[in-house]
Amino acid sequence: MRQRINVPDFDLAATLDCGQAFRWKRGGDAWYVGVVGREVWRLRQEGHTLEWETDPKPTPNPSKEGNFGLHSKKRNSGLCTKNRDSVIPSSGGAGGGLSEMHITKYLSLDRSLPAIVATFPVDNAPLHAAVRRHWGLRVLRQEPWECLASFIASSSKQIVQIRQIVELLANRFGEPITNADGRARWPQRAEDPRLGEATEPYHSFPSVGVIARASHEHLLACKLGFRAKYLLATARMIDNGDVKLDALRSMEYERALEELVRLPGVGEKIANCVLLFSCGFDEAFPIDVWIERALRRLYFPRKHNVTHRQLREFARSHFGPYAGWAQQCLFFSERMRK
DNA sequence: TGCCAGGCCTGTC
DNA sequence: GACAGGCATGGC
(Lines give C-alpha, C1' and ligand atoms only; values in the text may rest on other atoms or scores of the structure.)
Protein backbone atom coordinates (compact mmCIF):
# COMPACT_ATOMS: atom_id res chain seq x y z
CA MET A 1 0.00 0.00 0.00
CA ARG A 2 1.30 3.43 -0.93
CA GLN A 3 0.70 6.49 1.23
CA ARG A 4 1.57 10.16 0.95
CA ILE A 5 1.99 13.17 3.19
CA ASN A 6 2.86 16.78 2.59
CA VAL A 7 6.37 17.65 3.76
CA PRO A 8 7.37 21.32 3.73
CA ASP A 9 10.98 22.25 4.38
CA PHE A 10 12.23 18.74 3.84
CA ASP A 11 14.85 17.12 1.60
CA LEU A 12 14.78 13.33 1.78
CA ALA A 13 17.94 12.85 -0.26
CA ALA A 14 20.00 15.27 1.82
CA THR A 15 18.64 13.79 5.04
CA LEU A 16 19.42 10.19 4.13
CA ASP A 17 22.65 10.80 2.21
CA CYS A 18 24.36 13.25 4.54
CA GLY A 19 26.19 10.60 6.53
CA GLN A 20 24.15 10.30 9.70
CA ALA A 21 22.72 6.87 8.85
CA PHE A 22 24.32 3.98 7.01
CA ARG A 23 21.57 1.63 5.91
CA TRP A 24 19.78 3.66 3.25
CA LYS A 25 20.18 2.84 -0.41
CA ARG A 26 18.76 4.81 -3.29
CA GLY A 27 17.38 2.73 -6.12
CA GLY A 28 17.32 3.74 -9.75
CA ASP A 29 13.66 4.67 -9.41
CA ALA A 30 14.42 7.30 -6.74
CA TRP A 31 13.01 5.13 -4.00
CA TYR A 32 15.13 4.93 -0.86
CA VAL A 33 15.13 1.55 0.84
CA GLY A 34 16.39 1.08 4.36
CA VAL A 35 15.98 -1.01 7.48
CA VAL A 36 14.63 0.73 10.56
CA GLY A 37 14.14 -1.48 13.57
CA ARG A 38 12.56 -4.64 12.25
CA GLU A 39 10.99 -2.95 9.25
CA VAL A 40 12.09 -2.41 5.69
CA TRP A 41 11.10 1.11 4.70
CA ARG A 42 10.67 2.42 1.17
CA LEU A 43 10.51 6.19 0.80
CA ARG A 44 10.39 8.62 -2.08
CA GLN A 45 9.99 12.38 -2.32
CA GLU A 46 8.46 14.33 -5.17
CA GLY A 47 8.33 18.02 -4.52
CA HIS A 48 6.63 18.57 -1.20
CA THR A 49 5.15 15.09 -1.19
CA LEU A 50 6.70 12.19 0.69
CA GLU A 51 5.54 8.75 -0.40
CA TRP A 52 6.10 5.47 1.34
CA GLU A 53 5.13 1.91 0.77
CA THR A 54 4.23 -0.55 3.45
CA ASP A 55 4.29 -4.28 3.41
CA PRO A 56 0.76 -5.64 3.64
CA LYS A 57 1.85 -8.75 5.52
CA PRO A 58 4.19 -7.93 8.40
CA THR A 59 5.75 -10.73 10.42
CA PRO A 60 3.25 -11.59 13.16
CA ASN A 61 5.75 -12.62 15.83
CA PRO A 62 9.08 -10.84 16.14
CA SER A 63 11.69 -13.11 17.68
CA LYS A 64 12.38 -13.02 21.40
CA GLU A 65 15.82 -11.50 20.80
CA GLY A 66 14.49 -8.45 19.06
CA ASN A 67 16.79 -5.73 17.92
CA PHE A 68 15.15 -3.11 19.97
CA GLY A 69 14.75 -4.76 23.28
CA LEU A 70 16.11 -1.58 24.75
CA HIS A 71 12.91 0.13 23.84
CA SER A 72 10.45 -2.67 23.91
CA LYS A 73 8.53 -1.14 26.78
CA LYS A 74 8.03 2.04 24.83
CA ARG A 75 6.69 0.49 21.69
CA ASN A 76 3.37 1.65 20.39
CA SER A 77 3.00 3.97 23.32
CA GLY A 78 1.23 6.61 21.30
CA LEU A 79 2.35 9.82 19.71
CA CYS A 80 5.54 11.05 21.29
CA THR A 81 5.98 14.77 21.41
CA LYS A 82 9.31 15.23 23.20
CA ASN A 83 12.35 15.17 20.99
CA ARG A 84 14.17 12.64 23.17
CA ASP A 85 11.49 9.96 23.02
CA SER A 86 12.32 6.77 21.21
CA VAL A 87 10.39 6.40 17.98
CA ILE A 88 11.64 3.17 16.50
CA PRO A 89 8.74 0.97 15.43
CA SER A 90 8.55 -2.76 15.76
CA SER A 91 7.01 -4.93 13.13
CA GLY A 92 3.92 -6.90 13.83
CA GLY A 93 2.36 -4.26 16.01
CA ALA A 94 -1.27 -3.43 15.87
CA GLY A 95 -2.10 -2.89 12.26
CA GLY A 96 1.48 -3.65 11.23
CA GLY A 97 3.41 -1.75 8.59
CA LEU A 98 4.76 1.72 8.60
CA SER A 99 2.67 4.49 10.08
CA GLU A 100 2.76 8.21 9.45
CA MET A 101 3.73 8.65 13.08
CA HIS A 102 6.85 6.51 12.67
CA ILE A 103 7.85 8.31 9.49
CA THR A 104 7.24 11.70 11.04
CA LYS A 105 9.25 10.96 14.15
CA TYR A 106 12.15 9.16 12.47
CA LEU A 107 12.60 11.93 9.91
CA SER A 108 11.99 14.70 12.49
CA LEU A 109 9.14 16.04 10.36
CA ASP A 110 7.36 17.12 13.52
CA ARG A 111 9.91 19.86 13.98
CA SER A 112 9.89 23.28 12.37
CA LEU A 113 13.03 23.72 10.32
CA PRO A 114 12.52 27.50 9.95
CA ALA A 115 12.21 27.77 13.73
CA ILE A 116 15.42 25.79 14.21
CA VAL A 117 17.30 27.85 11.63
CA ALA A 118 16.02 31.00 13.33
CA THR A 119 18.11 30.05 16.37
CA PHE A 120 21.33 30.14 14.35
CA PRO A 121 23.28 33.36 14.96
CA VAL A 122 22.45 35.85 12.19
CA ASP A 123 26.09 36.84 11.74
CA ASN A 124 27.19 33.27 11.02
CA ALA A 125 27.32 33.67 7.25
CA PRO A 126 29.07 30.37 6.36
CA LEU A 127 26.46 28.45 8.30
CA HIS A 128 23.52 30.18 6.64
CA ALA A 129 25.07 29.55 3.25
CA ALA A 130 25.34 25.83 4.05
CA VAL A 131 21.75 25.78 5.30
CA ARG A 132 20.56 27.37 2.05
CA ARG A 133 22.51 24.83 0.01
CA HIS A 134 20.97 21.90 1.83
CA TRP A 135 17.62 23.30 2.86
CA GLY A 136 15.46 20.50 4.20
CA LEU A 137 18.25 18.43 5.73
CA ARG A 138 16.97 17.14 9.03
CA VAL A 139 18.63 15.27 11.89
CA LEU A 140 17.13 11.80 12.18
CA ARG A 141 15.95 10.10 15.34
CA GLN A 142 17.72 6.76 15.14
CA GLU A 143 17.97 3.84 17.52
CA PRO A 144 20.86 4.43 19.97
CA TRP A 145 22.50 1.00 19.90
CA GLU A 146 22.62 0.76 16.13
CA CYS A 147 23.86 4.33 15.96
CA LEU A 148 26.55 3.70 18.57
CA ALA A 149 27.74 0.46 16.98
CA SER A 150 27.81 2.04 13.53
CA PHE A 151 29.94 4.94 14.69
CA ILE A 152 32.32 2.66 16.60
CA ALA A 153 32.78 0.98 13.23
CA SER A 154 33.30 4.37 11.59
CA SER A 155 36.58 5.09 13.29
CA SER A 156 39.13 5.91 10.61
CA LYS A 157 36.93 4.46 7.87
CA GLN A 158 35.36 5.87 4.74
CA ILE A 159 31.58 6.11 4.65
CA VAL A 160 31.33 3.50 1.92
CA GLN A 161 33.28 1.10 4.13
CA ILE A 162 31.14 1.90 7.16
CA ARG A 163 28.04 1.00 5.16
CA GLN A 164 29.68 -2.25 4.20
CA ILE A 165 30.58 -3.13 7.79
CA VAL A 166 27.07 -2.33 9.07
CA GLU A 167 25.59 -4.47 6.33
CA LEU A 168 27.92 -7.34 7.16
CA LEU A 169 27.01 -7.12 10.84
CA ALA A 170 23.30 -7.18 9.99
CA ASN A 171 23.56 -10.04 7.53
CA ARG A 172 25.73 -12.14 9.82
CA PHE A 173 24.23 -11.38 13.22
CA GLY A 174 20.84 -9.80 12.55
CA GLU A 175 17.60 -11.54 11.76
CA PRO A 176 16.10 -11.83 8.29
CA ILE A 177 13.06 -9.67 7.76
CA THR A 178 10.50 -11.96 6.25
CA ASN A 179 6.79 -12.40 5.91
CA ALA A 180 4.89 -15.02 7.82
CA ASP A 181 5.44 -17.39 4.88
CA GLY A 182 9.20 -16.98 5.21
CA ARG A 183 9.64 -15.01 2.02
CA ALA A 184 11.89 -11.99 2.00
CA ARG A 185 10.21 -8.64 2.38
CA TRP A 186 11.32 -6.17 -0.24
CA PRO A 187 14.05 -8.55 -1.37
CA GLN A 188 17.29 -6.66 -1.76
CA ARG A 189 17.96 -7.56 -5.35
CA ALA A 190 14.46 -7.37 -6.72
CA GLU A 191 15.09 -3.93 -8.16
CA ASP A 192 18.13 -5.01 -10.12
CA PRO A 193 17.03 -6.98 -13.18
CA ARG A 194 20.58 -8.12 -13.84
CA LEU A 195 20.32 -10.33 -10.79
CA GLY A 196 17.26 -12.13 -12.05
CA GLU A 197 15.16 -13.86 -9.45
CA ALA A 198 17.90 -14.05 -6.86
CA THR A 199 16.74 -12.45 -3.66
CA GLU A 200 18.25 -11.95 -0.28
CA PRO A 201 16.20 -10.70 2.65
CA TYR A 202 17.15 -7.58 4.51
CA HIS A 203 18.33 -8.15 8.03
CA SER A 204 17.66 -6.22 11.18
CA PHE A 205 20.64 -4.75 12.99
CA PRO A 206 21.84 -7.22 15.65
CA SER A 207 20.87 -6.59 19.24
CA VAL A 208 23.32 -5.67 21.98
CA GLY A 209 23.00 -9.18 23.41
CA VAL A 210 23.83 -10.88 20.16
CA ILE A 211 26.98 -8.81 19.66
CA ALA A 212 27.95 -9.19 23.33
CA ARG A 213 27.93 -12.96 22.88
CA ALA A 214 29.67 -12.95 19.52
CA SER A 215 33.28 -14.00 19.18
CA HIS A 216 36.06 -11.59 18.36
CA GLU A 217 36.87 -13.69 15.30
CA HIS A 218 33.35 -13.45 13.93
CA LEU A 219 33.37 -9.69 14.36
CA LEU A 220 36.72 -9.51 12.59
CA ALA A 221 35.09 -11.30 9.69
CA CYS A 222 32.84 -8.26 9.31
CA LYS A 223 35.92 -6.20 8.40
CA LEU A 224 35.92 -4.31 11.68
CA GLY A 225 39.68 -4.60 12.10
CA PHE A 226 40.93 -3.08 15.34
CA ARG A 227 37.41 -1.78 16.02
CA ALA A 228 36.17 -5.32 16.67
CA LYS A 229 37.52 -5.36 20.21
CA TYR A 230 35.90 -2.00 20.93
CA LEU A 231 32.50 -3.07 19.63
CA LEU A 232 32.66 -6.32 21.59
CA ALA A 233 33.71 -4.66 24.85
CA THR A 234 31.13 -1.91 24.46
CA ALA A 235 28.34 -4.40 23.76
CA ARG A 236 29.31 -6.37 26.85
CA MET A 237 29.28 -3.29 29.06
CA ILE A 238 25.82 -2.36 27.84
CA ASP A 239 24.57 -5.93 28.03
CA ASN A 240 25.82 -6.12 31.61
CA GLY A 241 23.97 -2.95 32.48
CA ASP A 242 27.16 -1.00 33.21
CA VAL A 243 25.97 1.67 30.79
CA LYS A 244 22.29 2.17 30.07
CA LEU A 245 21.67 3.69 26.66
CA ASP A 246 17.98 4.24 27.27
CA ALA A 247 18.80 6.38 30.30
CA LEU A 248 20.82 8.90 28.30
CA ARG A 249 17.83 10.83 27.02
CA SER A 250 16.80 11.88 30.50
CA MET A 251 20.29 13.14 31.44
CA GLU A 252 21.85 16.53 31.04
CA TYR A 253 24.07 16.76 27.98
CA GLU A 254 27.38 16.80 29.86
CA ARG A 255 26.36 13.84 32.01
CA ALA A 256 25.22 11.81 28.99
CA LEU A 257 28.52 12.57 27.26
CA GLU A 258 30.50 11.41 30.30
CA GLU A 259 28.50 8.21 30.41
CA LEU A 260 29.10 7.38 26.74
CA VAL A 261 32.85 8.00 26.74
CA ARG A 262 33.16 5.35 29.45
CA LEU A 263 32.60 2.83 26.67
CA PRO A 264 35.69 1.36 24.98
CA GLY A 265 36.31 2.85 21.57
CA VAL A 266 34.00 5.77 22.25
CA GLY A 267 35.58 9.20 22.45
CA GLU A 268 34.04 12.63 22.38
CA LYS A 269 33.34 12.56 18.64
CA ILE A 270 31.48 9.26 18.56
CA ALA A 271 29.62 10.11 21.77
CA ASN A 272 28.39 13.36 20.24
CA CYS A 273 27.22 11.52 17.13
CA VAL A 274 25.16 9.16 19.27
CA LEU A 275 23.74 11.99 21.37
CA LEU A 276 22.80 14.01 18.29
CA PHE A 277 21.55 11.30 15.93
CA SER A 278 19.76 9.05 18.40
CA CYS A 279 19.24 10.70 21.78
CA GLY A 280 17.77 14.05 20.83
CA PHE A 281 20.60 16.27 22.04
CA ASP A 282 20.34 19.00 19.42
CA GLU A 283 23.29 20.85 20.92
CA ALA A 284 25.75 17.97 20.38
CA PHE A 285 28.40 19.01 17.85
CA PRO A 286 30.60 16.12 16.67
CA ILE A 287 33.99 17.35 15.47
CA ASP A 288 35.55 14.99 12.96
CA VAL A 289 38.18 15.56 10.30
CA TRP A 290 35.62 17.05 7.89
CA ILE A 291 34.12 19.49 10.36
CA GLU A 292 37.52 20.46 11.69
CA ARG A 293 38.62 21.20 8.13
CA ALA A 294 35.45 23.20 7.48
CA LEU A 295 35.74 25.21 10.70
CA ARG A 296 39.34 26.11 10.00
CA ARG A 297 38.64 27.08 6.41
CA LEU A 298 35.44 29.03 7.04
CA TYR A 299 36.09 30.67 10.40
CA PHE A 300 39.89 30.79 10.83
CA PRO A 301 41.21 31.17 7.28
CA ARG A 302 44.32 33.12 8.30
CA LYS A 303 44.93 31.65 11.74
CA HIS A 304 46.94 28.46 11.53
CA ASN A 305 47.59 27.72 15.18
CA VAL A 306 44.03 27.10 16.34
CA THR A 307 43.99 24.06 18.59
CA HIS A 308 41.34 21.36 18.66
CA ARG A 309 40.27 22.60 22.06
CA GLN A 310 39.74 26.10 20.72
CA LEU A 311 37.63 24.70 17.88
CA ARG A 312 35.52 22.86 20.43
CA GLU A 313 34.96 26.05 22.39
CA PHE A 314 34.16 27.93 19.20
CA ALA A 315 31.57 25.32 18.20
CA ARG A 316 30.00 25.44 21.63
CA SER A 317 29.57 29.20 21.55
CA HIS A 318 28.81 30.07 17.92
CA PHE A 319 26.01 27.80 16.76
CA GLY A 320 23.28 28.03 19.37
CA PRO A 321 21.04 25.39 20.93
CA TYR A 322 20.69 23.50 17.64
CA ALA A 323 24.42 23.32 17.00
CA GLY A 324 24.08 19.70 15.92
CA TRP A 325 21.75 20.63 13.05
CA ALA A 326 24.22 23.31 12.03
CA GLN A 327 27.02 20.78 12.21
CA GLN A 328 25.25 18.38 9.90
CA CYS A 329 24.69 21.10 7.28
CA LEU A 330 28.34 22.15 7.46
CA PHE A 331 29.48 18.52 7.36
CA PHE A 332 27.41 17.67 4.29
CA SER A 333 28.41 20.91 2.62
CA GLU A 334 32.08 20.20 3.22
CA ARG A 335 31.77 16.69 1.83
CA MET A 336 29.93 17.95 -1.25
CA ARG A 337 32.82 20.30 -1.98
CA LYS A 338 34.98 17.26 -2.53
C1' DT B 1 51.65 1.65 -4.97
C1' DG B 2 50.69 4.67 -1.58
C1' DC B 3 47.62 7.70 0.74
C1' DC B 4 43.94 8.27 3.69
C1' DA B 5 39.58 7.36 5.95
C1' DG B 6 32.81 10.72 10.24
C1' DG B 7 38.90 8.04 15.88
C1' DC B 8 40.51 6.11 19.91
C1' DC B 9 44.09 4.66 23.08
C1' DT B 10 48.49 5.01 25.09
C1' DG B 11 52.82 6.89 26.11
C1' DT B 12 55.74 10.93 26.22
C1' DC B 13 56.92 15.59 26.95
C1' DG C 1 47.16 19.91 27.51
C1' DA C 2 49.42 18.83 23.14
C1' DC C 3 51.29 15.61 20.22
C1' DA C 4 52.82 11.26 17.90
C1' DG C 5 52.48 6.50 16.87
C1' DG C 6 49.90 2.36 16.48
C1' DC C 7 45.91 0.06 15.28
C1' DA C 8 43.34 -3.17 10.43
C1' DT C 9 41.54 -2.75 6.18
C1' DG C 10 40.02 -1.33 1.75
C1' DG C 11 38.61 2.42 -1.64
C1' DC C 12 40.54 5.42 -4.75
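Protein chains get the first letters and strands the later ones, always in sequence-line order, with residue 1 at the start of each.
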Does [X] get its side chain close enough to the base of [N], under 3.5 Å, for a donor-acceptor pair?
| X | N | answer |
| --- | --- | --- |
| A/Gln161 | B/dG6 | no |
| A/Ser155 | B/dG7 | yes |
| A/Arg227 | C/dA8 | yes |

Counter-base of B/dT1, judged by Watson-Crick or G-U geometry with both distances under 3.5 Å
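Pair assignment: B/dT1 / none.
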
Between the side chains of A/Arg38 and A/Glu175, is the shortest nitrogen-to-carboxylate-oxygen separation below 4.0 Å, so that they form an ion pair?
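A salt bridge is present here (some side-chain N lies under 4.0 Å from a carboxylate O).
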
Can A/Asp17 and A/Arg26 be counted as an ion pair, charged N to O under 4.0 angstrom?
no

A/Ser154 side chain to A/Phe151 main-chain N or O, any donor-acceptor pair under 3.5 Å?
yes

Report the distance from atom [atom1] of [X] to atom [atom2] of [N], rounded to the nearest whole Å.
| X | N | atom1 | atom2 | answer |
| --- | --- | --- | --- | --- |
| A/Asp288 | B/dG7 | CG | P | 6 Å |
| A/Ile159 | B/dG6 | CD1 | P | 5 Å |
| A/Ile152 | B/dC8 | CD1 | P | 10 Å |
| A/Glu268 | C/dA2 | CD | C1' | 15 Å |
| A/Leu311 | C/dC3 | CG | C1' | 16 Å |
| A/Ile270 | B/dC8 | CD1 | C1' | 7 Å |

Please work out if [X] contacts a base, only the sugar-phosphate, or nothing of the nucleic acid, heavy-atom cut-off 4.0 Å.
| X | answer |
| --- | --- |
| A/Phe277 | base |
| A/Gln310 | nothing |
| A/Gly265 | sugar-phosphate |
| A/Glu292 | nothing |
| A/Lys269 | base |

Give a yes/no answer on whether the side chain of A/Arg163 brings an N or O atom under 4.0 Å of OP1 or OP2 in B/dG6.
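No, A/Arg163 has no side-chain N/O under 4.0 Å of OP1/OP2 on B/dG6.
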
Is the shortest side-chain N/O distance from A/Thr307 to OP1 or OP2 of C/dA2 below 4.0 Å?
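Result: yes.
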
Is it the case that more than 12 heavy atoms not belonging to A/His48 sit under 6.0 Å from its NE2 atom?
no

C/dA8 and B/dT1: how far apart are their P atoms, nearest whole angstrom?
23 Å

Please measure how far the P atom in B/dG6 lies from the corresponding atom in C/dA2, and state the result in whole Å.
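Comparing P positions in B/dG6 and C/dA2 gives a spacing of 25 Å.
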
Residue of the set A/Leu168, A/Ile152, A/Leu231 for which side-chain contact (heavy atoms from CB on, under 4.5 Å) holds with A/Leu224
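Exactly one pass, corresponding to A/Leu231.
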
Among the nucleotides B/dG6, B/dA5, C/dG11, which one has an atom lying closest to any side-chain atom of A/Ser156?
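Within the option list, the nearest is B/dA5.
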
Mapping A/Leu263 and A/Trp290 to their closest nucleotides on DNA chain B, which lands nearer the 5' end?
A/Trp290

